[in-house]
S.K.: 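One structure follows; several queries about it will come next.
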2 protein chains.
Amino acid sequence: MSNTHSFTEENYLKAIYHLSTGNNSVVSTNQIAEMTNTKAASVTDMLKKLAEKNLINYIKYQGVTLTDTGKNAAVNIVRKHRLWEVFLVEKLGFKWDEVHDIAEELEHINSESLINRLDDFLGNPAADPHGDPIPDRSGTIHQKKLVRISDMYQDQSGMISGVSEYSSIFLKLVEKMGLTLGTKILITELIEFDGSITLIVNGNSDRTISREVAKNILVML
Amino acid sequence: MSNTHSFTEENYLKAIYHLSTGNNSVVSTNQIAEMTNTKAASVTDMLKKLAEKNLINYIKYQGVTLTDTGKNAAVNIVRKHRLWEVFLVEKLGFKWDEVHDIAEELEHINSESLINRLDDFLGNPAADPHGDPIPDRSGTIHQKKLVRISDMYQDQSGMISGVSEYSSIFLKLVEKMGLTLGTKILITELIEFDGSITLIVNGNSDRTISREVAKNILVML
DNA sequence: CTTATTTTTTAGATTAATCTAAAAAATAAA
DNA sequence: TTTATTTTTTAGATTAATCTAAAAAATAAG
Ligand SMILES: [Mn+2]
Ligand SMILES: [Mn+2]
Ligand SMILES: [Mn+2]
Ligand SMILES: [Mn+2]
């Protein structure tokens, strides 16, 4: 079991996995090309290879889905990525906006005992620094139901529990605005003109955020 | 600064570095081929490339030496390798015979802040689990003077402080014999017939070890 | 100082991953 | 339902890293 794939194959599997979450189960060549910063022609070549290895279901011109084997491989990479992010933040003191790129490299280290020991060392965390759930060693993901701030109603309240955008510039902004994970918010006004939203943060300070920001912050109701 | 080299280039640099310690400053093509598990022809190709990048001094048929740039790059990889080994043993609870292969992968992760934070997190260790010195962030190595047990004399004593063979089979044996790092020994007999050596371990138990084992255990007198 | 052996380099191929440009298929518009 | 546009695939090349077999240089033997 636990066949080993090349660095590149792993990145394609992960890209397909991320693209196929949220009911979009079938993923297109162009989507993959964009996510992996390659060209469509390169993607087609790789899709043939992954199909040959039974990691994806691929029919010419009809997009791809992951097989069970492919999905397992992808989830395992995601598990590693997120555990390493926890390590970097909790143990080494990195900020949440600094860890993604390093984790992109660490996620390709192949050692089951390493990752399981790391998991234990970190206290088997349920989520990474961005609130994303960490698959357990069997591959199961306990995803909490989260809603974008931009989808909330007036007077609704909840706790910030995730983000859907991981760029350093965005994460730093979120932090500066005091909207980090665990923060409690209450929607006080939905401004029709530009879609911006006013809310009360942790029961006291008032804040207005743009729709663009609101779309990328996830709340547990 | 801090130009980034390919995984493969890094492994060649490290191989040349390890081969050129201990006065053998000039390294041959065949030596490199053996250490990197490749063929001489492949090595020649790579040597041209590394010379082109000014990482080695290379004259056809005359072997290679590292340039200052090449040596810095190599030492940095060694630093990363050894720090990760400390992490694996001290924090994750791996045994000293289990960490080398994982560290071979981790040593190629490129992030200066990562490795410096890891260094601090580990308490700036001076040596790795096998007793090898860890270069500091400027590349300086504080190597203690060590001597092989096989080079010691009758009645000489010292403390085991390193090994020169890293295979799991050897390290497990050393551990089983109670000759781990920090152990004090006193040479009681040099057996002429087969070169084996008898010694007193930590002031009490007696033990005889083969010349082959004695050659690969290093002692601080 | 020749000849034989060993070491190293070159020549020519192969594999993985990528690209550009052109062809083919699918989708959208008219 | 033709025509136009977009998406995807193929064709043909390129680059990095590797290999085997053969040639060239260095070293060792006689
Ligand atoms: Mn990430
Ligand atoms: Mn994350
Ligand atoms: Mn090691
Ligand atoms: Mn070591």
Side-chain angles (χ1 to χ4, degrees), chain A residues 3-17 19-20 24-66 70 73-74 77 104-105 107-110, chain B residues 3-17 19-20 24-66 70 73-74 77 104-105 107-110:
Chain A
N3 197 17
T4 181
H5 313 109
S6 76
F7 188 96
T8 310
E9 288 169 341
E10 290 191 346
N11 280 334
Y12 275 91
L13 289 173
K14 191 176 52 137
I16 297 166
Y17 174 77
L19 289 167
S20 62
N24 278 41
S25 74
V26 176
V27 177
S28 77
T29 301
N30 269 346
Q31 284 179 297
I32 299 169
E34 191 186 353
M35 180 151 294
T36 57
N37 290 307
T38 57
K39 297 302 158 72
S42 310
V43 173
T44 299
D45 282 346
M46 182 55 80
L47 293 183
K48 287 184 201 157
K49 193 174 159 195
L50 295 175
E52 195 56 46
K53 290 188 169 193
N54 285 308
L55 295 164
I56 60 172
N57 305 114
Y58 170 55
I59 308 171
K60 266 193 193 180
Y61 294 103
Q62 306 203 180
V64 295
T65 58
L66 291 170
I77 299 162
E104 285 292 309
E105 293 196 50
E107 73 189 3
H108 300 288
I109 303 290
N110 275 315
Chain B
N3 197 18
T4 180
H5 314 108
S6 77
F7 188 96
T8 310
E9 288 168 344
E10 289 191 347
N11 280 334
Y12 276 91
L13 289 173
K14 192 177 51 137
I16 296 167
Y17 173 78
L19 289 167
S20 63
N24 277 40
S25 74
V26 176
V27 177
S28 77
T29 300
N30 269 347
Q31 285 180 295
I32 299 168
E34 192 186 353
M35 180 149 297
T36 57
N37 291 306
T38 56
K39 297 300 158 73
S42 310
V43 173
T44 300
D45 283 346
M46 181 57 80
L47 293 182
K48 287 183 201 158
K49 192 175 160 194
L50 295 175
E52 194 57 46
K53 290 189 169 192
N54 286 306
L55 294 164
I56 60 172
N57 305 113
Y58 170 55
I59 308 170
K60 267 192 191 184
Y61 294 102
Q62 305 202 184
V64 294
T65 58
L66 291 170
I77 298 162
E104 285 292 308
E105 294 196 49
E107 73 190 2
H108 300 288
I109 302 291
N110 274 315

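Just so we're on the same page: letters track the sequence lines, and every chain starts at 1.
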S.K.: Let me know the distance between CE of M46(B) and C1' of dT18(D), rounded to the nearest Å.
M.R.: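 Atom CE in M46(B) sits about 10 Å away from atom C1' in dT18(D).
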S.K.: Could you give the NZ-to-P distance, from K48(B) to dT18(D), as a whole number of Å?
M.R.: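 Rounded to the whole Å, the gap is 15 Å.
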S.K.: Between S6(A) and V43(B), which is nearer to the 5' end of DNA chain C once each is assigned its nearest nucleotide?
M.R.: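 The residue mapped nearer the 5' terminus is V43(B).
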S.K.: Round to a whole Å and report the spacing from CD1 of I32(A) to P of dT18(C).
M.R.: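 Going from CD1 in I32(A) over to P in dT18(C) covers 13 Å.
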S.K.: Rounded to whole angstroms, how far apart are CG on L47(A) and C1' on dT9(D)?
M.R.: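 From L47(A) CG to dT9(D) C1': 11 Å.
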S.K.: Calculate the interatomic distance between L50(B) atom CG and dT18(D) atom P; express it in whole Å.
M.R.: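 It is 11 Å, rounded to the nearest whole Å.
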S.K.: Is T8(B) touching bases, backbone alone, or none of the nucleic acid, heavy atoms closer than 4.0 Å?
M.R.: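 T8(B): backbone/sugar contact only, no base atoms under 4.0 Å.
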S.K.: Counting heavy atoms not belonging to E9(A), are there more than 12 under 6.0 Å from its CD?
M.R.: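 Correct, the count exceeds 12.
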S.K.: Quick one: is dT8(C) close enough that its OP1 or OP2 comes under 4.0 Å of any side-chain N or O from S28(B)?
M.R.: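 Yes, such a contact exists.
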S.K.: Given that both distances must come in under 3.5 Å, which nucleotide forms a Watson-Crick or G-U wobble pair with dA23(C)?
M.R.: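 Base-paired to dT8(D).
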S.K.: Considering every strand and a 4.0 Å limit on heavy-atom distances, what is the contact class for F7(B): base, sugar-phosphate, or nothing?
M.R.: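 No contact.
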S.K.: Would you please confirm or rule out a distance under 4.0 Å between OP1 or OP2 of dT9(D) and any side-chain N or O of T29(A)?
M.R.: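 Yes, T29(A) has a side-chain N/O under 4.0 Å of OP1/OP2 on dT9(D).
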S.K.: Can you tell me if T44(A) touches the phosphate of dT8(D), counting only side-chain N or O atoms and a distance under 4.0 Å to OP1 or OP2?
M.R.: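 No.
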S.K.: Can you tell me which nucleotide in dA24(D), dA21(C), dC19(D) comes closest to the side chain of Y61(B)?
M.R.: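 For the Y61(B) side chain, the nearest candidate turns out to be dA24(D).
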S.K.: Could you tell me whether the phosphate oxygens of dT10(D), OP1 or OP2, come under 4.0 Å of any side-chain nitrogen or oxygen in K60(A)?
M.R.: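 Yes.
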S.K.: On DNA chain C, does the nearest nucleotide to Y12(A) precede the nearest nucleotide to Q62(A) from the 5' side, or the other way round? Give the residue.
M.R.: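 Whichever sits nearer the 5' end wins; that is Y12(A).
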S.K.: May I ask you to verify if any side-chain N or O of K39(B) is less than 4.0 angstrom from the OP1 or OP2 atom of dA21(D)?
M.R.: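 No.
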S.K.: Tell me what T38(B) touches on the nucleic acid: a base, only sugar-phosphate, or nothing, going by heavy atoms under 4.0 Å.
M.R.: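 Sugar-phosphate: the residue T38(B), judged by heavy atoms under 4.0 Å, touches backbone atoms but no base.
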S.K.: Side chains of E10(A) and H108(A): is there a donor and an acceptor less than 3.5 Å apart?
M.R.: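 Yes, side-chain donor-acceptor contact under 3.5 Å.
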S.K.: Check the distance between dT18(C)'s C1' and N37(A)'s CG and give it to me in whole angstrom.
M.R.: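 In whole Å, dT18(C) C1' and N37(A) CG are 13 Å from each other.
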S.K.: Considering only heavy atoms from C-beta outward, does the side chain of T65(A) approach that of I56(A) to under 4.5 Å?
M.R.: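 When only atoms from C-beta onward are counted, I56(A) and T65(A) do not touch, as no gap falls below 4.5 Å.
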S.K.: Using the side-chain heavy atoms of Y58(B), tell me which of these nucleotides is nearest: dT10(C), dT9(C), dT8(C).
M.R.: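 For Y58(B), the side-chain atoms sit closest to dT9(C).
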S.K.: Any Lys/Arg nitrogen of E104(A) or K14(A) sitting under 4.0 Å from an Asp/Glu carboxylate oxygen of the other?
M.R.: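 So E104(A) pairs with K14(A) through a salt bridge.
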S.K.: State whether N30(B) places a side-chain N or O below 4.0 Å from either non-bridging phosphate oxygen (OP1 or OP2) of dT8(C).
M.R.: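 Affirmative; the distance criterion is met.
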S.K.: Taking C-beta and beyond as the side chain, do V27(B) and I32(B) meet within less than 4.5 Å on heavy atoms?
M.R.: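 Heavy-atom side-chain distance check passes, below 4.5 Å.
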S.K.: To the nearest Å, give me how far apart CD (Q31(A)) and P (dT7(D)) are.
M.R.: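 The distance from CD of Q31(A) to P of dT7(D) comes to 11 Å, rounded to the nearest Å.
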